[in-house]
Structures are given as structure tokens and as C-alpha cells.
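Just below is one structure, and these are the notes that go with it.
Along the sequence shown, residues carry numbers from 1. Below, all heavy atoms of this structure are taken into account, side chains as well, without hydrogens, waters or symmetry copies. It should be emphasised that the depicted structure is a prediction, and the values quoted were computed from it without experimental measurement.
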Amino acid sequence: MEFNGTICYICTIPMLYEPFVSAMVQMVQYTAYNGPHIYYNRSTVGSQADARNTLVDEIQGDWLLMLDTDMVFTPSIVVDLLEIADKNKIDVLTGLYYQRRAPYYPLAYRQVNEKFLTIDPSESEHPVIPIDGAGGGCLFVRRKVFDRIKNELKEKPFTIIGSLGEDLSVFSRLKKLEIHVYLAKDIKLEHLTLQGITRKDYLEYNKS
């Protein structure tokens, strides 16, 4: 069977949040009727870097969508990401969500002098904006991007570089290959703790 892409989930903590399970079920149901053919997979190894690298090795289809188990998202997220990526000819795309803990910064970054600095995507009027890095909680990547990392850098995409986490390590490699990364502001996710963290929490904590 041919697949258009792969969706997988990464256990960021040793549990599945109930809201994540509910969101995943609704997404599967929605995608079955409205989306492309999908191969579903999940991480089965311990470390974040190894789990992500293994899932990259197991891609079936043209793209990979990684979703962390502390995320909540809309049922249409797969279709929405694909439409945005196809319309704008984007190979790496993420949605908008916030840190689980104060100060609740958006997980979107610019890279300045090899350091990743937080930015606020709402400061741009455009619905899709260029960034240099993000968290790995919602990450849509074309398969050909991982092929370039493997063939040109001779590295696994999520292997940790220095003090960077596995998520920013892959973005550092994308920067080296001049592969552009974008954030879709209309793809909004909640980052789970005991409650969903949203822009309201960020603004409330950081108001002057």
C-alpha cells in the first residue's frame, strides 16, 4: 500500500495525557474521511533523540508529522498543515504553542550567533512566518529534508549537538543546509500540564 505520509507520536513524559488521546482519536477519524492515506507509528525507544531518529528511519510516504503526547490539537491538523505546506511550497512547518511553565514563551526561535532566541510570532502580520527553530511537539517535515541531512551531512537529524536539545539540534542542521523553516500561526496547539497553556497565560505572566 502506498502512503502519502507518516504521523507518529513521541512520549515526552512516561504517560499519555487523556486530552492527547482524545485529540488523537478525533484526528484519526477526521483524517480518515478528509485527508491523505496515512501510516501511523510511535516511539518505542528511551531517549528523545533516539526515538525521533528511529521514527525518521521508519518513514513511509512523502512526509513525517511528529506530535508529542503533551499536545492538544484540532482534528483537522494534518489536513491544515498539508494545505499550508503545499500552498506555500514549505518543507518544514510547525504550529504555534507555548512553554508548559512560566514565563510561557512561544516555542519559536531566531538563531543569532549560534544561539536560539525566543520570538513572538504575533508581532508579524503574516499567517505563515519564517523562523529558525521551534520545539518538536508539532513538527511537519518532508522526507526529502531528512534525506539531505543524511546524504549531505552524514548525520542523523535529531542527534544532540552540544548543549542543544534534540529539537534545536535538527534546526541547527537545517540552518547549515539553508533549508527554510516556517511557523503557521493558525495552527494552534495547547501544551499540557494540568491545564492547557495558551497565549493568554503568556500575556498575563509577561504584562508590565
Looking only at heavy atoms, the pair that brings Leu189 and Tyr97 closest together is O-CB, 3.6 Å
Any side-chain heavy atom of Pro121 sitting closer than 4.5 Å to one from Lys185?
yes
Would Thr54 and Glu58 satisfy side chain to side chain donor-acceptor pair (under 3.5 Å), going step by step from the backbone distance to the final call?
CA-CA 6 Å; Thr54 298; Glu58 296 173 354; 5.8 Å; no
Side chain to side chain donor-acceptor pair (under 3.5 Å) between Asn53 and Thr159, worked out
CA-CA 7 Å; Asn53 282 331; Thr159 299; 3.3 Å; yes
When you check the gap from the basic side-chain N to the acidic O, do Arg148 and Glu152 get nearer than 4.0 Å?
yes
Indicate, with yes or no, if the rings of Phe20 and Tyr9 have centres closer together than 6.0 Å.
yes
Sub-4.5 Å side-chain heavy-atom contact between Val181 and Pro130
no
Short side-chain to backbone donor-acceptor contact, Asp201 and Thr198, under 3.5 Å:
yes
For Asn206 and Pro103, the nearest pair of non-hydrogen atoms, with its separation, is ND2-O, 2.9 Å
Between Ser76 (side chain) and Val79 (backbone), is there a donor-acceptor pair under 3.5 Å?
no
Any ion pair linking Arg143 and Asp91 (charged N to carboxylate O, less than 4.0 Å)?
no
Flag yes if Leu177 and Ile90 sit in one hydrophobic cluster, no otherwise; membership is Ile, Leu, Val, Met, Phe, Trp, Tyr, and two members link when side-chain heavy atoms are under 4.5 Å apart.
yes
Should Ile38 and Thr6 count as side-chain neighbours, where that means a heavy-atom distance under 4.5 Å?
no
Does some side-chain heavy atom of Ile84 sit less than 4.5 Å from a side-chain heavy atom of Ile187?
yes
Identify, with sequence neighbours excluded, every residue that meets side-chain hydrogen bond (donor to acceptor under 3.5 Å, both in side chains) alongside Glu155.
Arg173
Aromatic ring proximity Tyr98/His191, centre distance under 6.0 Å
no
Heavy atoms, side chains only, cut-off 4.5 Å: are Leu55 and Ser43 in contact?
yes
Nearest 0.5 Å, what's the CG-CD1 distance between Asp132 and Ile119?
7.5 Å
Between Asp86 and Arg142, is there a side-chain N and carboxylate O pair less than 4.0 Å apart?
yes
Which pair of heavy atoms, one from Pro36 and one from Trp63, lies closest together, and at what distance?
CG-CZ2, 4.0 Å
Given side chains that start at C-beta, do those of Val92 and His180 come closer than 4.5 Å, heavy atoms only?
no
Treating Ile, Leu, Val, Met, Phe, Trp and Tyr as nodes and any side-chain heavy-atom pair under 4.5 angstrom as an edge, say whether Tyr182 and Ile179 lie in one connected cluster.
yes
Looking at Lys175 and Gln111, would you say the former's side chain and the latter's main chain have a donor-acceptor pair under 3.5 Å?
no
For Cys138 and Leu65, which heavy atoms make the closest approach, and how far apart are they?
SG-CD1, 4.4 Å
Atom CZ of residue position Arg101 - does it have more than 12 heavy atoms of other residues, nucleotides or ligands inside 6.0 Å?
no
Tell me the closest heavy-atom pair linking Tyr205 and Ala102, and the distance in Å.
CE1-CB, 3.4 Å
Look at Asp120 together with Arg199 and state whether they make a salt bridge at an N to O cut-off of under 4.0 Å.
yes
Below 4.0 angstrom, N of the basic side chain to O of the carboxylate: do Lys156 and Asp57 qualify?
yes
Tell me the closest heavy-atom pair linking Thr118 and Tyr109, and the distance in Å.
OG1-CE2, 3.6 Å
Under the criterion side chain to side chain contact (heavy atoms under 4.5 Å, CB included), I'd like the reasoning laid out for Cys8 against Arg42: C-alpha separation, chi angles, the key distance, then a yes or no.
CA-CA 5 Å; Cys8 63; Arg42 64 184 178 90; 5.8 Å; no
